[in-house]
Amino acid sequence: MKRATLFLAAAPIALAMPAYAGTTANASATPKAETEVKPAEPAQEVKKPQQEEVFSTGVAKGRDRLDSATSTSALRASEIDKLGARSIAEILRDIPGIRAEAASGEGNGNITIRGLPIASTGAKFLQLQEDGLPVLEFGDISLTGADAFLRADLNLAAVEAIRGGSASTFASNSPGGIVNFISKTGDTEGGSVQLSTGLDYDMRRVDFDYGAKISDTLRFHVGGFWRDGEGPRATGFTTAKGGQIKLNVTKEFDGGYVRFYGKYLDDRSPMYDITPLSVTGTNSDPEYGALPGYDARHDSLFNRNFQRVTALDGDNNVTSYRNGNRAVVKSFGIESKIEVAGWDITEKFRYADISGHALSTVSATFLPAAALAPAFGAPGGTIRFATGPNAGQTIANPTTLNGNGLAALLLIGDVTFNSLDNVTNDIRASRVWNVAGGEFTTTVGLYSSHQTIDTNWAWSSVFGDIRGGGDGNLLDVVTPGGTKLTQDGVFAYGLPGASTLRRRYDVGYTTNAPFGSVNFRIGKLAIGGSVRYDMGSAKGSLIGADLGDGRIGLAPKDMNGDGVLSVPERNVAVLPLSRPGLVDYNYKYASYSVGLNYRLAEPLAVFARYSRGGRANADRLLFSPIVNTEGSLLYPEAAVDTVKQAEAGVKYRNGGLTINVTGFWAKAEDTNIDSTNGDIIAREYKAMGAEFEGGYRLGIFSLTAGATYTDAEIVTDFINPAVVGNTPHHQANFIFQATPQITTDSFNVGATFIGTTSSYATDSNQLKMPGFVTTNAFVQFRPVDRVTLAVNASNLFDVLAITGIDDPTLPASGVAKGHVLTGRTISASVRFDF
């Protein structure tokens, strides 16, 4: 069946400064990586890079970048304290070609690469890895993402990123690229303790790491962090609390090594998501700003008087959770490399027990407080404070409430991740042969994984005022006769008057993928290709009031246990537990990539590559007409979206100068659900552009920079043909990064500038979002040996950096539903190396 027929029946229901371009760390047991990133030896930061720069992520065998037909970048984790990136997505903003919307806090960032779309949320076409294996098999699991279960601390040795190219054949579900967070392994003896605090925001944090040799062939590394505080935006209560510890032990032997490692993460961080912005002007030239009494850069709709939400768990029992993202990961793994009969065999295995919770404002309606009662069933009624010091007090003049006279209906998503457990295994064997005077490299491997997605979705609709400083309140609506239509600010335990989106599902996704590659290098020429064949299955059950079979899903429920059913308690969205649905289908797809690299001279190479990859769709297909009642797919082709890519570029490296320029073209399918309205998306996109990455060093001065130009277009839409020819939302024509700095034996000073040009708020291409440039500045001072004092500022000039607007046109109310980066935050730290 052609894809065009697919949905005819489906109506819409810092860290981070880049290293010198080309500086990398190897994921193997090679000790050179940690020697280069160890911060206790500042003189190394100004030395010239080595002439051979080995890159190991997303390729068959690590090789010098000038001999590889791929587009790669690497960041040194030794720079992490300079900029103090507040999330994984903020780190990724510093990699050329990657667009990361880091507005939600630590986790749930929207991430993509080289013009591939972010039609909804998450990182669909880009895979985040930790030590060479995926954090989650699917980067866009509904209402969470891999970055929510990943933290950067002193354990980190390097970050490697590969864009396009061989990524589609050396990892499943990663046709756009791979970003690999590589841990230290104790190659360099010693450690560090770092104490950090927010200077203009409430945060306290301690980091540590230590590595040492136990014997000549046995070493270990251990590290982690603990922190707590209000976080970078005012809430009035502790929103961030928790930490992580990681440990690995490596045994070396002739021809290889074996490594055992483990990780325990239990961390809670705030989630900000949607926030109100004032807006005037026109669709093509809007003017956004802060509201009186509320600044989206520094305030949150969650506050000391609105910390928790009462909802139902997966068995329809009453429960309560606090705002934010809680991530719990307990994992262990084994990595080994051995030589057998001339073959290098690498084995990587990890089991991860993953769970957590996400509570945030998913959608909102902003309106004058005076209109709240008549708009929601109480003409002539009043509003009262439901929480805070004035709870129960009637608001006499809503038009002056908090200086802005605004109220909001907030849709709160309350999602429990009972299990996102995954088990992954990657085994591969490589051998280099001498053939016809050249070097012939062959690789064969098998990847296997099982990803569980067991989640419960609950929702609440609440009324609140718009007030900053952590002092906002929930509001009650009262009829002229004195009847409260709300319960402590809750208008509905679910969506207003509906049971839609009340869901639970427990589905397991199994993937098996054999893969292989060949590469022939003779003289200055290298030519190669790789292939992968993914075979997957999805099996499990789902329960929901919106399965399309007439289920009502509303029932009376005493949510506060007082024995009296309030108005909201008379129609609570519940799960029809006795009528589960099924998920039971299989899929398969092939990926391939071919490339050519020619080293014209010692410092200069050119390359070209064509690739076809795939991305299996996971829980985004559920609760749609795509899945039949018996669990099969009505349209089997919806199980996988394909991405075709071509790229060609030139690489130059000589002394203190590195320049990489790449042109790219991509065409992608996307089957998805729009997180802002629940509509089905079935589209095809194309993008073309150019990417630049460079670095320059002269004495104590260095400059690294990157820029990406993208021209993207929606070429087909099977649901909404009106958007064909438009630019995908949030897709800017130009994004860039630049980091100048001065480094001496006693101090470092510099800044990173990250910017974007304007883009459209939605796919209708009406309302514009302005471009912006954020500045992250840092100063480090070493008064004595092995002691470092540092101050860093994120968004130094307090720019209003808008990453998303949910409104398709300029709202008549003058209040837009926005997503913004956090404003200026300044932190200080002291670090002791030993």
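For the residue pair His357 and Asp414, a side-chain donor N or O sits within less than 3.5 Å of a side-chain acceptor on the partner. Side chain to side chain, Glu101 and Thr803 fail the donor-acceptor criterion of an N or O pair below 3.5 Å. Side chains of Tyr505 and Asp619: a donor-acceptor N/O pair is present below 3.5 angstrom, by distance only. Under the 3.5 Å distance criterion, with hydrogens and angles disregarded, a donor-acceptor pair is assigned to the side chains of Asp465 and Asn402. Between the side chains of Asp421 and Ser419, at least one donor N or O lies within less than 3.5 Å of an accepting N or O. Judged by distance alone, the side chains of Asp806 and His819 do bring a donor and an acceptor atom under 3.5 Å apart. Between the side chains of Ser794 and Arg824, no donor-acceptor pair is found at a separation under 3.5 Å. In summary, the side chains of Asn397 and Thr399 do present a donor paired with an acceptor at a separation below 3.5 Å, with no hydrogens or angles considered. Checked by atom type, the side-chain pair Arg384/Thr486 shows no donor-acceptor distance below 3.5 Å. If you check the side chains of Arg620 and Ser120, you find a donor sitting under 3.5 Å from an acceptor. Residues Lys124 and Asn617 bring a donor and an acceptor atom of their side chains to less than 3.5 Å of each other.
With sequence neighbours excluded, the residues that form a side chain to side chain contact (heavy atoms under 4.5 Å, CB included) with Ala538 are Val507, Tyr509, Val583, Tyr585. Shown here are the side chain to side chain contact (heavy atoms under 4.5 Å, CB included) partners of Ser269, two or more places apart in sequence or in another chain: Glu106, Arg151, Arg227, Asn325. Every residue meeting the side chain to side chain contact (heavy atoms under 4.5 Å, CB included) condition with Pro286, not counting sequence neighbours, appears here in chain and number order: Val279, Tyr288, Leu767, Lys768, Leu810.
The neighbour count for Glu630 CD, taken as heavy atoms of other residues, nucleotides or ligands under 6.0 Å away, is above 12. Under a cut-off of 6.0 angstrom, the local environment of NZ in Lys241 is sparse, with at most 12 non-hydrogen atoms contributed by other residues, nucleotides or ligands.
The shortest side-chain heavy-atom distance between Pro276 and Tyr294 falls under the 4.5 Å cut-off. Side chains of Leu401 and Leu406 form no contact here, defined as non-hydrogen atoms less than 4.5 Å apart. Taking the side chain as every heavy atom from C-beta outward, Ile354 and Val328 never approach each other to under 4.5 Å. Pro556 is not listed as a side-chain neighbour of Val572, based on a closest heavy-atom distance of 4.5 Å or more. Between Ile719 and Ile681 there is no side-chain heavy-atom pair separated by less than 4.5 Å.
The aromatic ring centroids of Tyr760 and His729 lie 6.0 Å or more from each other. You'll find the ring centres of Phe302 and Phe237 outside the 6.0 Å limit.
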